[in-house]
Amino acid sequence: MTFKLNEYLKKTTEAAPLAVFRIFFGVMMLISIIRFWSYGWIDKLYIQPKFFFSYYGFEWIKPIGIYTYIIFAICGISTIFIALGFKYRIAIVTFFISFTYIELMDKTTYLNHYYFISLLSFVMIFLPANRYYALDAKLKRISYQLIPNWTIDVIKLLLGIVYFYAGLAKLNSDWLVKAMPLKIWLPSKYSVPLLGDLMQKEWMHYLFSYSGAIYDLTIPLLLLYRKTRPFAFILVVIFHVLTRVLFPIGMFPYIMIVSTLIFFDANLHHKILGFISKVFKINKRQFDTNTALQFFPKKNKVLLTSITIFFAIQLLLPFRYMLYPGELFWTEEGFRFSWRVMLMEKAGYANFKIVDSITKKRFYVDNDDFLTAFQQKQMASQPDFILQYAHYLKKHFESQGHQNIQVFVESYVALNGRLSTQYIDPTVDLGKQKESFKHKNWIIPFKDEIKGL
Amino acid sequence: MKKSLFLVLVALFFIAGCSSSDDSNDTGGITDNFDRKALLTNIADNIVIPSYESFSTDISALKTATSTFITTTDAANLVVLRNAWIKAYTSWQSVSMFEIGKAEELSLRNFMNVYPVTVAEIETNITSGTYDFTSVTKQDEQGFGALDYLLNGLSGTDTGIVEFYTTNANAAGYKKYLSDLVNRMSDLTDQVLNDWKGSYRGTFISNSGSSATSSLDKLTNDFIFHYEKHLRAAKIGIPAGVFSGSPLDTTVEAFYKGDISKALFDANLNTLQDFFNGKHFGSTTTGESLKTYLDFLNTIKNGEDLSTLINNQFNTARTKASSLDDNFSSQVRTNNSLMTQTYDELQKNVVFLKVDMLSAMSIRVDFVDADGD
């Protein structure tokens with residue numbers, strides 16, 4: 001076994017797919033940053049709000065006022081370096097740190113897509129993506145046309161995990177039996193060309209639910225096998241373009257479509273590089289040296305162990321919800337970082353009450369005074385947000401001179417078409433509750449049952 | 001193979017590119033599809049435009065009464081003017097939620113009905129005789145609230161009030177301010193009504209898509225925003241001290257007149273419920289509405305009968321409010337708990353409207369434009 005593993009690790013393959021991946025990744029990220037900037041979202045999401053929702057343990061990561069633009073600028077510039085393959089290692093590390101910093105500034109904006117980008121860029125730090133068709137290779141005058149096979153496989157593995165786990169998460173009774181939440185979302189897309197009227201039909205909701213689940217679960221395998229690959233790629237394009245048409249998910253569909261190209265044979269990538277060479281008048285032949293970058297497993301034990309641990313965490317983390325009691329969709333304990341995408345139509349309303357525990361004098365908080373509409377929306381249906389906001393309110397009103405402050409919340413949440421019910425125990429003083437990874441016993445248990453994973 | 005694959009790719013990207021911003025198109029005549037255009041038409045033709053027409057008539061009457069009072073300044077004409085003001089103020093309650101189109105552009109609600117007004121500033125304006133009503137900082141020095149002060153708050157008696165316009169050293173200044181206020185309100189109203197009767201009706205109805213800027217999404221958000229901020233909070237919650245800890249009896253609507261705050265509240269509550277039910281202005285006929293849309297969606301998902309729950313909660317709040325004093329200012333001074341109980345009943349519908357209804361309609365709360373998962 002060990003022998004075989006060593007064999008595998010030493011196996012080399014064409015570097016072109018990884019080079020193409022690096023270039024497209026850089027370009028896509030650059031477009032994403034420019035798009036984000038041009039929509040004014042930096043100002044709206046990271047500068048205007050008075051308060052930011054931190055991740056547990058990362059409270060020290062905050063936007064830095066007007067200088068937040070600099071973080072975005074650094075992130076954007078690093079993508080150009082990545083695409084060019086120039087000072088690649090520094091560029092990808094810079095990208096990983098700046099991008100992850102941005103995502104950690106406020107969990108209001110958490111998206112699985114952003115998490116995916118953070119993970120991917122982390123893995124890319126360790127890959128020889130600048131050894132072929134890169135400025136680095138040109139300047140050093142050493143180009144490796146062949147690189148270790150595993151350095152491409154890890155990207156395939158990460159993509160496979162994202163799809164497969166997203167598929168597993170759909171195996172629940174709301175998705176499969178009730179066709180929720182698509183039954184709510186699709187009818188509202190009545191104005192989509194061609195499909196608008198079909199979106200009203202119940203069978204379409206089921207068709208979309210089932211085909212979505214089957215797609216997610218099978219697409220990694222379909223992409224792996226040469227025979228099914230072209231068909232799989234057409235599916236990838238149809239699936240992501242459809243999601244782009246139906247839902248406001250920004251750049252992600254395009255990023256995924258381009259990423260899955262890595263599953264193809266090097267022939268395709270050589271053609272892509274040939275095309276790029278033609279357009280930019282690059283001499284591609286200088287890179288086609290037919291030399292192989294050797295990998296020595298024994299010398300790189302630390303690297304291999306780290307990557308193994310990384311993937312072990314990736315495989316296990318989505319199942320951490322099993323350690324918590326209660327319905328995952330309701331409590332959201334263990335929901336994030338698990339590729340649970342588009343699973344819930346969840347909306348809430350949280351009305352905070354500040355009480356003086358001695359005089360019993362009380363008043364309600366106007367959330368508009370502290371949070372943006374987006375933050376309020378995210379806060380109202382997620383317990384960790386509610387708790388953090390309650391702590392902030394307590395501090396705020398204490399600093400205003402109020403004393404013996406207790407913070408209560410009257411909150412209601414509706415999930416996947418069920419009528420809203422009370423969410424947080426209204427008799428619990430949230431000011432006294434501590435944030436931790438433990439179960440929050442002040443969440444009122446879900447009144448219904450959702451079966452499945 | 002490669003070529004056809006490429007073509008499919010290009011075609012799909014093209015569709016994606018187009019439809020993401022596509023907003024105006026016919027939904028066609030498919031019968032099992034809810035007709036949003038019919039809904040928007042009903043709202044425009046049978047609710048919004050007739051409401052504004054009626055309001056405009058009352059504003060004209062207010063304008064006439066004002067000039068009569070300015071020509072013949074006596075207590076009798078003051079009473080006539082005050083009644084015209086009450087009528088227009090009540091009528092205002094039936095249009096105030098439609099902060100869309102021209103009204104949104106002008107920020108109509110903020111120029112018509114901010115309260116409490118700042119008396120010191122109003123007096124300064126009268127003394128100086130120069131003011132720019134279009135300035136945002138002047139919103140609490142004009143509109144119905146400023147008229148309330150000028151017609152009811154200058155003195156405890158009608159003769160005392162009339163003296164400000166006759167024997168006062170700056171009587172001309174008071175007259176001018178009064179007439180400038182009314183002219184401004186009339187001018188704003190004309191602009192909005194003319195826009196609806198002109199091009200905006202068509203724009204409103206044809207914008208029947210499902211994006212955040214479509215008519216239905218915007219108006220539904222306006223409806224909930226108005227319910228939450230202007231009915232629940234401004235008329236009841238703030239005076240009851242719900243957000244401050246103790247009652248604020250000077251923050252009620254029509255504070256100087258006093259005994260009409262409940263009538264104004266009732267008028268607004270009815271407007272909002274009628275809007276929800278698609279009830280034609282000044283009639284018992286109903287048409288396509290948020291209610292019928294909810295009922296349609298419910299036939300797809302077989303959920304709870306949300307529209308009935310919402311209507312029931314409207315009725316509960318109205319019943320609770322019926323025991324309130326005509327004068328909310330004295331209500332919060334004498335027995336504030338009745339006021340907070342009314343607030344609690346109004347609050348319950350915020351949950352139904354903002355959580356359950358928006359969720360069922362898949363309409364996103366205002367201004368949240370960011371990427372989703």
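So you know, we letter chains A, B, ... as the sequences are listed, proteins then strands, and number each from 1.
The number of heavy atoms from other shown groups lying within 6.0 Å of CZ (A:R362) does not exceed 12.
Side chains of B:Q347 and A:Y349 form a contact here, defined as non-hydrogen atoms less than 4.5 Å apart. Side-chain contact between B:R364 and A:P248: present, with at least one pair of heavy atoms (C-beta onward) separated by less than 4.5 Å.
Residue A:M180 touches chain B through its side chain alone, counting heavy-atom pairs closer than 4.5 Å. Using a 4.5 Å cut-off between heavy atoms, A:Y114 touches chain B through its side chain atoms alone. With a 4.5 Å cut-off on non-hydrogen atoms, A:Y412 touches chain B through its backbone and its side chain both. Of the two parts of A:D369, neither the backbone nor the side chain holds a non-hydrogen atom closer than 4.5 Å to a non-hydrogen atom of chain B. Heavy atoms of B:L309 lying under 4.5 Å from chain A belong exclusively to its side chain. Contacts of A:H240 with chain B are absent, with no heavy-atom separation under 4.5 Å from either backbone or side chain. With a 4.5 angstrom heavy-atom cutoff, A:D368 touches chain B only via side-chain atoms. For B:S244, the part lying under 4.5 angstrom from a heavy atom of chain A is the backbone only.
Interface check for chain B: of the options A:V365, A:L343, A:N351, the most heavy-atom pairs under 4.5 Å are formed by A:N351. Ranked by heavy-atom pairs under 4.5 Å with chain A, the first of B:A360, B:G245, B:G241 is B:G245.
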(message) I'd like to know whether B:K229 forms a salt bridge (charged side-chain N to carboxylate O under 4.0 Å, His left out) with A:D366, so could you lay out the CA-CA distance, the side-chain angles of the two residues, the decisive distance to 0.1 Å, and finally the verdict.
(response) CA-CA 10 Å; B:K229 294 281 167 198; A:D366 185 350; 3.3 Å; yes
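Residues satisfying the salt bridge (charged side-chain N to carboxylate O under 4.0 Å, His left out) criterion with B:R109, sequence neighbours excluded, are absent altogether. The ring-ring contact (aromatic ring centres under 6.0 Å, His included) search around B:Y227 returns B:F314, not counting sequence neighbours.
Annotation: the span from A:S188 atom OG to B:F34 atom CZ amounts to 13.5 Å, rounded to 0.5 Å. Atom-to-atom distance recorded for B:Y343:OH and A:Y364:OH is 7.0 Å, nearest 0.5 angstrom. If you take CG on B:D356 and CG on A:L419, they are separated by 4.5 Å, rounding to the nearest 0.5 Å. For the atom pair NZ of B:K354 and NZ of A:K377, the computed distance is 12.0 Å after rounding to the nearest 0.5 Å. Rounding to the nearest 0.5 angstrom, the gap separating the CZ atom in A:F363 from the OG atom in B:S246 is 10.0 Å.
Contact between A:A347 and B:V355 at its shortest, heavy atoms only, is O-CG1, 3.2 Å.
Checking side-chain atoms of A:Y190 against main-chain N and O of B:G209 turns up a donor-acceptor pair under 3.5 Å.
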